[in-house]
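Keep in mind the model is a prediction, meaning the values are calculated, not measured.
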Amino acid sequence: MTAAAVVALLLVTVLIGARGVAAMRTTSDFLVASRRTSPMLNAAAVSGEYLSAASFLGVAGLVIKEGTGALWYPVGFAAGYLLMLALVAAPMRRSGALTVPGFAEARLGSRSLRRFCAVVVVVIAVLYLVPQIVAAGQLLTLVSGVDYWVGVVVSGLAVGLTLALGGMRAATYVQAFQFALKLLLFAGPAIWLLLLAGPQLRADMAAPPEFTRFTAETPVDFRLDTELVLTEPTVVVVDGVPVPLAPGPHHADADAVWVFPDGAAVPDLGGDRASLPVPGGAEWALPLLGTADTSPLLTTWSVLVATALGTMGLPHIIVRFHTSPDGRGARRTAAITVAMLGAFYLFPIVYGLLGTVLTPELYLSQGTDTAIVTLPGRVTGGGTAAALTAMLTAGAFAAFLATSLGLLLALSGALAHDLMPSGLRRLRLTALAASAAVVPAALLMVRVDVSAAVTSAFTVAASTFCPILVLGLWWKGLTARGAYAGMVTGLLATVGSMALGTALGLGGTAGMLLAQPALWSVPCAFLVMIAVSLGDHVPSDAEATMLRLHLADRE
């Protein structure tokens, strides 16, 4: 049933994408759907594109792994659209550019700046796109047992073919359809599971019990190498063989399955995961991210800065406003999108709390992003569980495909429109080539943490494109040299600090500021951009350009 649902979704995706073939005649058709997309259709497409694997699976998994403070993630995601509505949507559409790098050249008159912006688009798109394809492969393996590479190849092929056939118009139809599908396939099972759960389980969701002992014989399938610290002697079945383990540290290999007996004490996590809160515990219930040694307030602010300001700078989201007929349409698109996202983000709370009660062992195995498709089998059985799992799997695949379409479009535009002379044929071939290149990357990065990788993409976007968009749209004193310096600062600060944090493995506040650098990298990018621009010569046409961006649309 699950495989049939996924195959049906893939076929519908390609068929809907084929609708855009007849309208594909120019570069504008491919990149911005000829700028004729209505606000309602555009908002549905934006919502479908934005609700990625990190939203569909990741937020619920983060609630299990990091506690109720993880609900700040959807707050940041939705807040980003409010900022976009106020600061970016209408003037960005009036710029007339087809891509974010194109806006940089149109506003500041620098071809080299446009090329550098295209490189940044590639960095963000890869950081965001590869985890989507990885998650698709992992999910298909989990629910159907097929090899990981099958899900990766099928997802990459479907996305590349759909985009090459119909460009932005095809992506718009597919993403709008998949938003409606995701909302239905996400909300329906959530309500169904709540009705099946019973009063006691619903009461436990309001205050999940602390996960200190296994309440039944529980298999833990470790996704990655994991350090565990046992607090009492335990006989664990490791890959089918009973193994007595003494109290103390132990190592679980990736892909090993440990079966803990009923009543056994839950081991503590060791290594770099020792600071994670125990599901249902006192630290888990705190309404902030992080733990006492990582400055929860600073961690929460850093995530909010990355998600809210990063949303403003995501190239595949920004280009959506260029598909609107005018600035008013772009503004209406952003407003409707806020309402749609607000409705959707009610449901990760349900899945996260239900997963904390029924699948807390996933926080040991580093598999919390699979909680949603695991839950039906824990609440009910038989055909009902199979039907719910199939629905959720199809919804998750819709999330992967919709987001991947937008990212692949932004990546193709950067490579075949901003970095080199473009044409419709080259854009189509680039879409196919880029999707083919992503597949081996996803095969090599099977162990990637989907939520962490996506947050990295938001952090880079917040530290590079957010400053140039806000200052470029609202401050006539911005210069090409200032924009260049600020974006280089933001890119080096984010990528460098995250790489350094991974290499050093630091804990505490210092480790958090390296792993989540948006709190300081975004202000640095803004300050450098402003300081260098103040010492530079402002182009003579800056005022005329600003007037064009902000004059009201003609009736």
Exercise for the section: Indicate the atoms forming the closest heavy-atom contact of G472 with F103, along with that distance. Expected result: C-CZ, 4.2 Å
Problem - Positive for side chain to side chain contact (heavy atoms under 4.5 Å, CB included) with I468, one of L113, V120, V100 - result: L113
Fill in the blank from the handout: Between L314 and I124, the two heavy atoms sitting closest are CD2-CG2, 4.2 Å
Contacts table for residues 510-524: side-chain donor-acceptor under 3.5 angstrom, sequence neighbours left out:
residue : atom : partner : partner atom : Å
W520    : NE1  : L513    : O            : 2.9
S521    : OG   : S463    : OG           : 2.8
S521    : OG   : P517    : O            : 2.9

Exercise for the section: Ignoring hydrogens and angles, tell me if any N or O in the side chain of H316 forms a donor-acceptor pair with the backbone of S404 under 3.5 Å. Expected result: no
Handout entry: Between CG on residue L411 and OG on residue S435, distance to nearest 0.5 Å
Key = 9.5 Å
Exercise for the section: Mark yes when over 12 heavy atoms from residues, nucleotides or ligands other than W475 sit less than 6.0 Å from its CH2; otherwise mark no. Expected result: yes
Report all side-chain donor-acceptor pairs from residues 538-546 shorter than 3.5 Å, counting only partners two or more places apart or in another chain.
residue : atom : partner : partner atom : Å
T545    : OG1  : D541    : O            : 2.9

Completion exercise
For L71, the side chain to side chain contact (heavy atoms under 4.5 Å, CB included) test, sequence neighbours excluded, returns V63, I349
Problem - Test item: M487 and V528 side chains (from C-beta on) under 4.5 Å apart, heavy atoms - result: no
Exercise for the section: Go through the structure and list residues passing side chain to side chain donor-acceptor pair (under 3.5 Å) with S110, not counting sequence neighbours. Expected result: S112
Handout entry: Which atom of L41 lies closest to which atom of A176, heavy atoms considered
Key = CD1-CB, 3.6 Å
Handout entry: Y128 side chain near Q132 side chain, heavy-atom distance below 4.5 Å
Key = yes
Handout entry: G80 versus M312, closest heavy-atom pair with distance
Key = O-CG, 3.9 Å
Exercise for the section: Would you give the length of the straight line joining atom CG of L432 to atom OG of S412, rounded to the nearest 0.5 angstrom? Expected result: 8.5 Å
Completion exercise
CD1 of I133 to CG of L129, rounded to nearest 0.5 Å, is 5.0 Å
Problem - Distance in Å, F186 CZ paired with F344 CZ, rounded so as to fall on 0.5 Å steps - result: 4.5 Å
Handout entry: salt bridge (charged side-chain N to carboxylate O under 4.0 Å, His left out) partners of residues 480-490, not counting sequence neighbours, each pair once
Key = R481-D536
Handout entry: Pairwise side-chain contact, E66 with L289, heavy-atom cut-off 4.5 Å (strictly under)
Key = yes
Handout entry: Non-hydrogen side-chain atoms of I317 and Y81 separated by less than 4.5 Å
Key = yes
Problem - Set of residues satisfying side chain to side chain donor-acceptor pair (under 3.5 Å) with respect to R107, sequence neighbours excluded - result: none
Exercise for the section: With side-chain contact (heavy atoms from CB on, under 4.5 Å) as the test, would you mind laying out the steps for T502 and M498 before giving the verdict? Expected result: CA-CA 6 Å; T502 301; M498 289 186 291; 5.5 Å; no
Handout entry: Short side-chain to backbone donor-acceptor contact, S295 and L298, under 3.5 Å
Key = no
Practice task
Determine whether L309 and L83 make a side-chain contact, defined as any pair of heavy atoms from C-beta on separated by less than 4.5 Å.
Solution key: yes
Exercise for the section: Let me see the working for T479 and L108 under side-chain contact (heavy atoms from CB on, under 4.5 Å), right down to the final yes or no. Expected result: CA-CA 6 Å; T479 67; L108 299 168; 5.5 Å; no
Practice task
Kindly say whether L87 contributes a backbone atom to a donor-acceptor pair with the side chain of W474 at under 3.5 angstrom?
Solution key: yes
Problem - Minimum side-chain heavy-atom gap M40-R332 below 4.5 Å - result: no
Exercise for the section: Could you grab the distance from atom CG of L127 to atom OG1 of T494, nearest 0.5 Å is fine? Expected result: 9.0 Å
Exercise for the section: May I ask you to decide if L491's main-chain N or O and T464's side chain share a donor-acceptor pair within less than 3.5 Å? Expected result: no
Problem - Minimum heavy-atom distance between L549 and R94, given as atom pair plus value - result: O-NH1, 3.0 Å
Exercise for the section: Considering non-hydrogen atoms only, spot the tightest contact between G367 and R223 and give its length. Expected result: CA-NH2, 3.8 Å
Exercise for the section: Taking T311 for its side chain and T307 for its backbone only, find out whether a donor-acceptor pair lies under 3.5 Å. Expected result: yes
Exercise for the section: Assess whether side-chain contact (heavy atoms from CB on, under 4.5 Å) is satisfied between Y73 and T455, documenting all intermediate values. Expected result: CA-CA 9 Å; Y73 281 92; T455 303; 3.9 Å; yes
Exercise for the section: Would you please test V470 and F526 for side-chain contact (heavy atoms from CB on, under 4.5 Å) and show each step? Expected result: CA-CA 9 Å; V470 172; F526 269 100; 4.2 Å; yes
Handout entry: Distance, nearest 0.5 Å, that separates CG of L183 from CZ of F179
Key = 5.0 Å
Exercise for the section: Quick one: sort the F77 and F458 rings into parallel, tilted or perpendicular, breaks at 30° and 60°. Expected result: tilted
Exercise for the section: For residues V439 and W149, determine if any side-chain heavy atom of one lies less than 4.5 Å from a side-chain heavy atom of the other. Expected result: no
Exercise for the section: Kindly indicate whether the side chain of Y148, heavy atoms from C-beta on, has any atom under 4.5 Å from the side chain of V134. Expected result: yes
